[in-house]
Amino acid sequence: MALWQAWREYDSSKSKFSSYAYLCVRRELLHLIDHNRRVQEKHEKWLNTVRIEDLMVEDLAHELDPQLLHKIQNALTMKQWKWFEHCLLHGYPLKEFAQKEAETYGAVKNCGKRARAKLRMLLTEEGYAL
């Protein structure tokens, strides 16, 4: 990429192309090395501050009102309920859930979108702030 930009921006009245191209490629490589170093430092800082408990997904099913769960189950289709139960309550990743249910990722994503709309409406009717 840097070589192509050098070719595009080269001005023959200022220097030889090989000298200009060398500088452009060198500058881009140094930029990439510096960028990768900063990203790695950021990740290392995060890894040093995060606790294992922070990475664990809590099972929300135990915290919700059983009557509310029943109303949610009645409002959703069977597929939407499965999505709600596995992805929201138990924290399954969408891709993993899609494979388990033999569905495409897009189908699961759309199912979740429709379920969230129903949930939003139900929770608003029940007086929960969104």
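Quick caveat, the model's predicted, so the values are computed rather than measured.
- Counting heavy atoms from C-beta on, the side chains of H31 and E28 come closer than 4.5 Å.
- Residues W81 and L69 are in side-chain contact: their nearest non-hydrogen atoms beyond the backbone lie under 4.5 Å apart.
- Rounding to the nearest 0.5 Å places NZ of K71 at 10.5 Å from CG of L123.
- The closest side-chain heavy-atom distance from Y20 to E9 is below 4.5 Å.
- At least one side-chain heavy atom of K118 sits under 4.5 Å from a side-chain heavy atom of T77.
- One hydrophobic cluster, built from ILVMFWY side chains closer than 4.5 Å, cannot hold both I72 and M78; they sit in different ones.
- The hydrophobic clustering, which links ILVMFWY residues whose side-chain heavy atoms are closer than 4.5 Å, places L3 and L29 together.
- Here the side chains of F97 and E85 are not in contact, with every heavy-atom distance at 4.5 Å or above.
- Here CD of E103 is found 14.5 Å from CH2 of W83. Values are rounded to the nearest 0.5 Å.
- Under a hydrophobic-cluster definition in which Ile, Leu, Val, Met, Phe, Trp and Tyr are linked whenever side-chain heavy atoms come within less than 4.5 Å, directly or via other members, I33 and V25 are assigned to different clusters.
- L68 and L89 fall within a single hydrophobic cluster, where Ile, Leu, Val, Met, Phe, Trp and Tyr side chains are chained together by heavy-atom contacts under 4.5 Å.
- The shortest distance between side-chain heavy atoms of H35 and R38 falls below 4.5 Å.
- Annotation: side chain of E125 is in contact with side chain of M121 (closest heavy-atom distance under 4.5 Å).
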Exercise for review: Verify salt bridge (Lys or Arg N to Asp or Glu O under 4.0 Å) between K100 and E96, making sure each step is shown before the conclusion.
Suggested key: CA-CA 6 Å; K100 182 180 181 234; E96 190 177 309; over 6 Å; no
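- Residue pairs meeting the ring-ring contact (aromatic ring centres under 6.0 Å, His included) criterion with at least one member in residues 98-125, sequence neighbours excluded, do not occur.
- At most 12 non-hydrogen atoms from other residues, nucleotides or ligands lie less than 6.0 angstrom from OH of Y22.
- Atom-to-atom distance recorded for C24:SG and F17:CZ is 8.0 Å, nearest 0.5 angstrom.
- The distance from atom CZ of R114 to atom CZ of R116, rounded to the nearest 0.5 Å, is 10.5 Å.
- The line from NZ of K95 to OG1 of T104 is 12.5 Å long, rounded to the nearest 0.5 Å.
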